[in-house]
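Keep in mind it's a predicted model, so treat the numbers as computed, not measured. Along the sequence shown, the residues carry numbers beginning at 1.
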Amino acid sequence: MTRPAKDFFAPLAVGAPAPLREIPARPSRAIHFFDPGNEKMAAKVPDMVGTVDVLLGNLEDAVKAENKEKSRQGLVDIGKANAHLGSTAGPTQFWTRINSLDSPWALDDLTTLVPEIGDRLDVIMVPKVQGAEDIHYVDRLLAQLEAKAGLTRPLQVHAILETARGVANIEEICAASPRMQGLSLGPADLAADRRMKTTRVGGGHPGYLVRQDPPRDDLGVQQYDAPRTSYQQDLWHYTIARMVDACAMHGIFPYYGPFGDIKDTVACEDQFRNAFLLGCVGAWSLHPVQIKIAHQVFSPSVEDVAHARRVIAAMGDGTGAVMIDGKMEDDASVKQCQVMVRLADELAAIDPDLKALYDGIDA
Ligand SMILES: CC(=O)SCCNC(=O)CCNC(=O)[C@H](O)C(C)(C)COP(=O)(O)OP(=O)(O)OC[C@H]1O[C@@H](n2cnc3c(N)ncnc32)[C@H](O)[C@@H]1OP(=O)(O)O
Ligand SMILES: O=CC(=O)O
Ligand SMILES: [Mg+2]
């Protein structure tokens with residue numbers, strides 16, 4: 001059961017910081033995953049600060065069981081050594097993905113990270129969230145740890161949607177705590193949990209398609225042997241759409257998750273763009289090559305921003321209807337344009353290249 005409205009924003013431990021009333025809309029086009037226990041990856045982190053919206057130290061899947069403690073300690077060391085990473089200090093947010101709540105490591109992850117680098121971390125990503133009870137557990141524990149550590153800013157929580165039960169409980173997960181920052185699609189674990197017959201980490205599948213009807217001959221008889229076009233469909237459309245609605249309803253942010261075919265940068269871009277168009281604000285990057293793709297896809301194009309500004313200017317107080325380039329614009333299309341321009345402004349505030357591009361529109 002959710003807390004009554006009067007208690008929703010009350011701290012869950014004496015001395016814990018007051019929960020946020022609103023989740024800040026900070027640019028997070030790419031959530032770049034790295035293993036803090038992997039020396040090669042960790043060595044690259046200082047130079048990546050300022051070049052990517054989010055750096056996420058991953059402690060869960062993709063980190064071998066025997067390296068869990070090493071990765072956790074590596075994350076603490078990185079947090080302490082990089083003053084411009086995380087908190088409100090700079091343009092790159094600092095997130096972590098802890099181990100799943102039923103694992104032998106999740107408790108130590110939280111009880112180590114919050115006192116050591118809780119003042120630096122922005123968001124804790126929690127995998128395999130099944131329902132509100134998982135968020136309630138993390139919520140209370142974080143409040144106790146924040147109070148003990150004397151933190152003044154509450155940590156935010158991000159849930160990965162990667163079980164059938166999690167998808168079924170999506171609204172209650174989003175509503176479970178004022179800490180909820182957003183949701184990511186976890187297509188790999190979700191596919192396994194749903195018993196989908198795929199073996200990939202996100203992306204499409206050539207077998208999931210719709211085929212054109214057989215053409216008819218002059219007598220109207222269908223030609224079943226004739227060549228026909230088929231169109232590959234998006235396996236993730238349903239879940240992403242549910243996620244976008246649930247997040248929008250609760251004032252939090254939806255993200256596409258991982259795209260495992262690192263070499264297929266074209267399909268990665270397509271998958272990210274589908275998510276962008278449907279309302280997601282970002283995606284995961286598993287390899288440095290995917291950062292650029294996410295930054296590009298999740299930034300509105302110059303053409304879209306230019307058009308949106310024209311519509312807003314033409315619409316005055318935002319009511320009524322006008323004709324621009326042969327198309328009708330009205331109260332509803334101007335609201336879409338406002339979404340686009342707001343995002344462009346937020347991104348321009350942290351990305352000088354984009355600022356120059358968007359400023360150049362009016363020049
Ligand atoms: C289903 C899920 O849960 S998805 C989330 C969990 N998975 C992850 O986090 C995976 C993160 N990524 C990785 O582990 C790696 O990118 C891999 C295993 C996919 C590929 O690694 P490699 O084979 O080393 O890739 P590649 O040879 O192209 O790497 C080039 C360089 O980039 C570095 N690099 C690769 N990935 C990353 C990364 N995510 N962050 C920083 N540096 C990286 C490599 O260490 C290498 O460094 P070097 O030039 O000093 O040798
Ligand atoms: O954690 C991500 C996934 O796809 O599983
Ligand atoms: Mg997963």
Side-chain angles (χ1 to χ4, degrees), residues 20-31 51-54 88 91-93 174 181-185 231 233-234 236-256 266 268-283 291-363:
L20 294 173
R21 293 266 162 177
E22 198 174 331
I23 295 298
R26 294 186 69 186
S28 40
R29 297 163 293 179
I31 303 172
T51 68
V52 57
D53 292 348
V54 179
T88 47
T92 300
Q93 297 179 55
C174 293
Q181 180 275 343
L183 296 179
S184 281
L185 173 74
Y231 304 91
Q233 305 293 298
D234 184 358
W236 306 110
H237 178 83
Y238 156 77
T239 316
I240 293 176
R242 276 205 72 175
M243 201 173 73
V244 167
D245 283 344
C247 286
M249 172 174 152
H250 290 283
I252 68 174
F253 301 102
Y255 299 77
Y256 178 77
V266 174
C268 175
E269 182 176 334
D270 292 339
Q271 184 78 65
F272 285 5
R273 183 161 294 104
N274 288 349
F276 174 65
L277 288 170
L278 277 180
C280 290
V281 299
I291 295 175
K292 199 165 155 233
I293 303 172
H295 279 195
Q296 189 191 330
V297 168
F298 288 95
S299 306
S301 69
V302 168
E303 293 73 27
D304 280 343
V305 175
H307 173 74
R309 286 187 189 161
R310 271 182 79 200
V311 174
I312 291 169
M315 280 293 293
D317 73 351
T319 63
V322 295
M323 188 83 145
I324 296 181
D325 297 339
K327 297 187 179 65
M328 189 279 297
E329 309 286 351
D330 70 359
D331 311 45
S333 61
V334 81
K335 285 180 197 150
Q336 295 172 56
C337 292
Q338 283 158 353
V339 168
M340 196 72 83
V341 167
R342 225 176 2 252
L343 176 58
D345 290 346
E346 283 159 15
L347 294 174
I350 63 144
D351 186 328
D353 293 341
L354 273 182
K355 180 170 165 39
L357 271 181
Y358 296 150
D359 284 353
I361 295 170
D362 299 324

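The two residues Ile291 and Thr51 come nearest to each other via the heavy atoms CG2-O, 4.2 Å. Across all non-hydrogen atoms, the minimal contact from Ala283 to Phe272 is CB-CE1, 3.5 Å. Across all non-hydrogen atoms, the minimal contact from Ala344 to Val305 is CB-CG2, 3.8 Å. The two residues Ile324 and Ala314 make their nearest non-hydrogen contact at CD1-CB, 3.7 Å. A pairwise comparison of heavy atoms in Tyr255 and Met243 identifies O-CE, 3.1 Å as the closest pair. The two atoms that bring Ala306 and Ile361 nearest to each other are CB-CG2, 3.6 Å, heavy atoms only.
Within the 3.5 Å criterion, the main-chain N or O of Leu20 finds no donor-acceptor partner in the side chain of Glu22. At least one donor-acceptor pair under 3.5 Å links the side chain of Gln93 to the backbone N or O of Pro27. Without hydrogens or angle criteria, Thr92 side chain to Asp53 main chain gives no donor-acceptor distance under 3.5 Å. Checked by atom type and distance alone, the side chain of Ser28 pairs as donor or acceptor with a backbone atom of Arg26 at under 3.5 Å.
Between Arg273 and Glu269, at least one side-chain nitrogen of the basic residue sits less than 4.0 Å from a carboxylate oxygen of the acidic one, meeting the salt-bridge criterion. Using a cutoff of 4.0 Å between basic side-chain nitrogens and carboxylate oxygens, Asp304 and Arg309 are not scored as salt-bridged. A salt bridge between Arg310 and Asp325 is present, with a side-chain N of the basic residue lying under 4.0 Å from a carboxylate O of the acidic one.
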Test side chain to side chain contact (heavy atoms under 4.5 Å, CB included) applied to Val341 and Gln338, step by step
CA-CA 5 Å; Val341 167; Gln338 283 158 353; 5.8 Å; no

Take Asn274 and Ile240 through the test side chain to side chain contact (heavy atoms under 4.5 Å, CB included) and record every step on the way to the result.
CA-CA 9 Å; Asn274 288 349; Ile240 293 176; over 6 Å; no

I would like to know whether Ile350 and Lys355 meet side chain to side chain contact (heavy atoms under 4.5 Å, CB included); could you show each step before the answer?
CA-CA 8 Å; Ile350 63 144; Lys355 180 170 165 39; over 6 Å; no

For Asp351 and Arg29, run salt bridge (charged side-chain N to carboxylate O under 4.0 Å, His left out): C-alpha distance rounded to whole Å, both residues' side-chain angles, the deciding distance at 0.1 Å, then the answer.
CA-CA 12 Å; Asp351 186 328; Arg29 297 163 293 179; 3.6 Å; yes

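From Leu354, atom CG reaches atom CG of Leu343 across 9.0 Å, with rounding to the nearest 0.5 Å. The NE2 atom of His250 sits 12.5 Å away from the CD1 atom of Ile23 when rounded to the nearest 0.5 Å. To the nearest 0.5 angstrom, Gln271 atom CD is 8.0 Å from Leu185 atom CG.
Within the 4.5 Å cutoff, the side chain of His295 has no heavy atoms near those of the Ile293 side chain. Contact of the Asp270 side chain with the Val266 side chain is registered, since non-hydrogen atoms from C-beta on lie closer than 4.5 Å. No side-chain heavy atom of Cys280 sits under 4.5 Å from any side-chain heavy atom of Phe253. Contact of the His307 side chain with the Glu329 side chain is registered, since non-hydrogen atoms from C-beta on lie closer than 4.5 Å. When side chains are defined from C-beta on, Arg242 does not count as touching Thr239, because their heavy atoms never get closer than 4.5 Å. You'll find the side chain of Leu347 reaches within 4.5 Å of the side chain of Pro300, heavy atoms only. Between Leu183 and Pro254 the shortest side-chain heavy-atom distance does not fall below 4.5 Å.
A donor and an acceptor atom, one from each side chain of Tyr256 and Ser184, are nowhere located under 3.5 Å apart.
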